[in-house]
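One structure is given below, encoded as structure tokens.
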Amino acid sequence: MSPTLKKPTNKLSPLQPEQLQAWATEAINRSLSGEMPGYIPLLVEADKSEFAVQIRSIDGDFWGFGKADKIFPLMSVVKPFVLLYLLCELGETVVFERVGCEASELPFNSLAQLEIDQGKPRNPMINSGAIALASLLPGENAVLRCQNLLLWLNQKANIQLFMDELMLDSVRANPNQNNRNLALEMQNSGVIQDAEIALETYNRVCCLSGNVADVAKLGMLLVSRGDRTMAEHGRTVKALMATCGLYQASGRWALQVGLPTKSGVSGAVLSVIPGVGAIACYSPPLDKEGNSVGGLFLLERIAKSLGLSVFD
């Protein structure tokens, strides 16, 4: 694996390819201590040593390291963009009638948290919140809802995400009863109308797949200021990524790193550097909170080295 570089012209400029390679190599070594998610068979089979990163700047420059062509499902990394799509299409009032904007005190898949909150999800980044948002996607059924989102994302970000049917089959092979319980609880509370369609839509959306370049370009939707509406709603999305994107680790991450970040159980991680660029990583092994060990290590090294924290 060899690093690639186009010389950037903004705050990312000091990053050298040799340094990126050294950090990535250490990230791979550290990742081997992580665990694979046991409840999705295809994710369990992933190579623990696989790694890829791409960094893009607002000036159009980019650089990367690792298996740039590796395809993986976005899983929860798609959640900020479901939110962005719905904010742009339906507006804040409709969206936040269904979900809150507070950090969750309990794990990302907690039924107890949803019950405490009387059936309204605490925020869009946890499973209950994403299932609720899936119920708002336009379309008569789960297939059309996912397709509408997919077309919008590909057009806006100029990428080629696709629906990975094999990954979807793997998700269905071991049905997630906890997610089903979340959907039924929200149906009972009136937050969603049809638990089955919402859950199937959520599963399909999480199986949208691409490579690190696709994810980095998605991140740039939250960086570019060309579209006023997108920029306005992007501010909301970035704020929720910063406060809720890494679940219980979000507060610690904000203090130590200071970048809006979202992780996924596939090992995908996306960080956004407002006004500067985006960093996408893929490294499958996870920590106890469900976040990529190698991805978070690399992101922290880059952010601290370049002083990228939004709080600096």
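All values derive from a computational prediction rather than experimental measurement. Index from 1, following the sequence.
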- prompt: Just how far is it from atom CD of E105 to atom CD1 of I116, taken to the nearest 0.5 Å?
  reply: 6.5 Å
Sub-4.5 Å side-chain heavy-atom contact between L299 and C281: yes
- request: Report whether M125 and V272 are members of the same hydrophobic cluster (ILVMFWY, side-chain heavy atoms less than 4.5 Å apart, transitive linking).
  value: yes
field: Considering all heavy atoms, the nearest V269-S292 contact
entry: CG2-CB, 3.5 Å
task: Apply salt bridge (Lys or Arg N to Asp or Glu O under 4.0 Å) to R145 and E200, showing your working.
output: CA-CA 10 Å; R145 291 179 182 188; E200 175 64 11; over 6 Å; no
- request: Side-chain contact test, heavy atoms from C-beta onward, threshold under 4.5 Å: evaluate it for L308 versus L12 and give yes or no.
  value: yes
- prompt: Mind checking whether L306 and L20 sit in one hydrophobic cluster, side chains of I, L, V, M, F, W, Y counted as touching below 4.5 Å?
  reply: yes
- line: dist I302:CD1 -> S271:OG (nearest 0.5 Å) comes out at 8.5 Å
query: Got E26 and Q21 here, is their nearest side-chain heavy-atom distance under 4.5 Å?
result: no
message: Would you say that S283 contacts V293 through its side chain, given a criterion of any heavy-atom pair below 4.5 Å between the two side chains?
response: no
message: Quick check on D47: does its CG atom have over 12 non-hydrogen neighbours (other residues, nucleotides or ligands) under 6.0 Å away?
response: yes
task: Rounded to the nearest 0.5 Å, what's the gap from CD on Q147 to CG on L137? Could you check?
output: 12.5 Å
- prompt: Is R204 close to V143 at the side-chain level, that is, under 4.5 Å between some pair of heavy atoms?
  reply: yes
Sub-4.5 Å side-chain heavy-atom contact between V223 and V276: no
task: Would you please name every residue forming a side chain to side chain contact (heavy atoms under 4.5 Å, CB included) with V95, sequence neighbours left out?
output: L83, L86, L87, V99, L133
query: Any salt bridge between R180 and E196, counting N to O under 4.0 Å?
result: yes
message: Using 0.5 Å steps for rounding, measure from the CD atom of E102 to the SG atom of C244.
response: 8.0 Å
- request: Working to the nearest 0.5 Å, report the span between OG of S209 and CG of D214.
  value: 10.0 Å
- prompt: Near E140 CD, under 6.0 Å, is it more than 12 heavy atoms from other residues, nucleotides or ligands?
  reply: no
query: In terms of hydrophobic clustering (I, L, V, M, F, W, Y; side-chain heavy atoms under 4.5 Å; direct or indirect links), are V212 and L15 co-clustered?
result: no
message: Treating K238 as the side-chain partner and L222 as the backbone partner, does any N or O pair qualify as donor plus acceptor under 3.5 Å?
response: yes
pair W253-T261: side-chain heavy atoms closer than 4.5 Å: yes
field: Pairs involving residues 76-123, ordered by first then second residue, that meet ring-ring contact (aromatic ring centres under 6.0 Å, His included) (sequence neighbours left out)
entry: Y85-W152, F108-Y247
query: Quick one: does N148's side chain have a donor or acceptor within less than 3.5 Å of a partner on L144's backbone?
result: yes
message: Quick check: do C207 and M163 have side-chain heavy atoms less than 4.5 Å from each other?
response: yes
- prompt: Would you say the side-chain atoms of K67 pair up with the backbone N or O of V53, donor to acceptor, closer than 3.5 Å?
  reply: no
- prompt: Can you tell me how far NZ of K79 sits from CG of L240, rounded to the nearest 0.5 angstrom?
  reply: 12.5 Å
- request: Of all the heavy-atom pairs spanning S104 and P107, show the shortest one and how long it is.
  value: OG-O, 4.3 Å
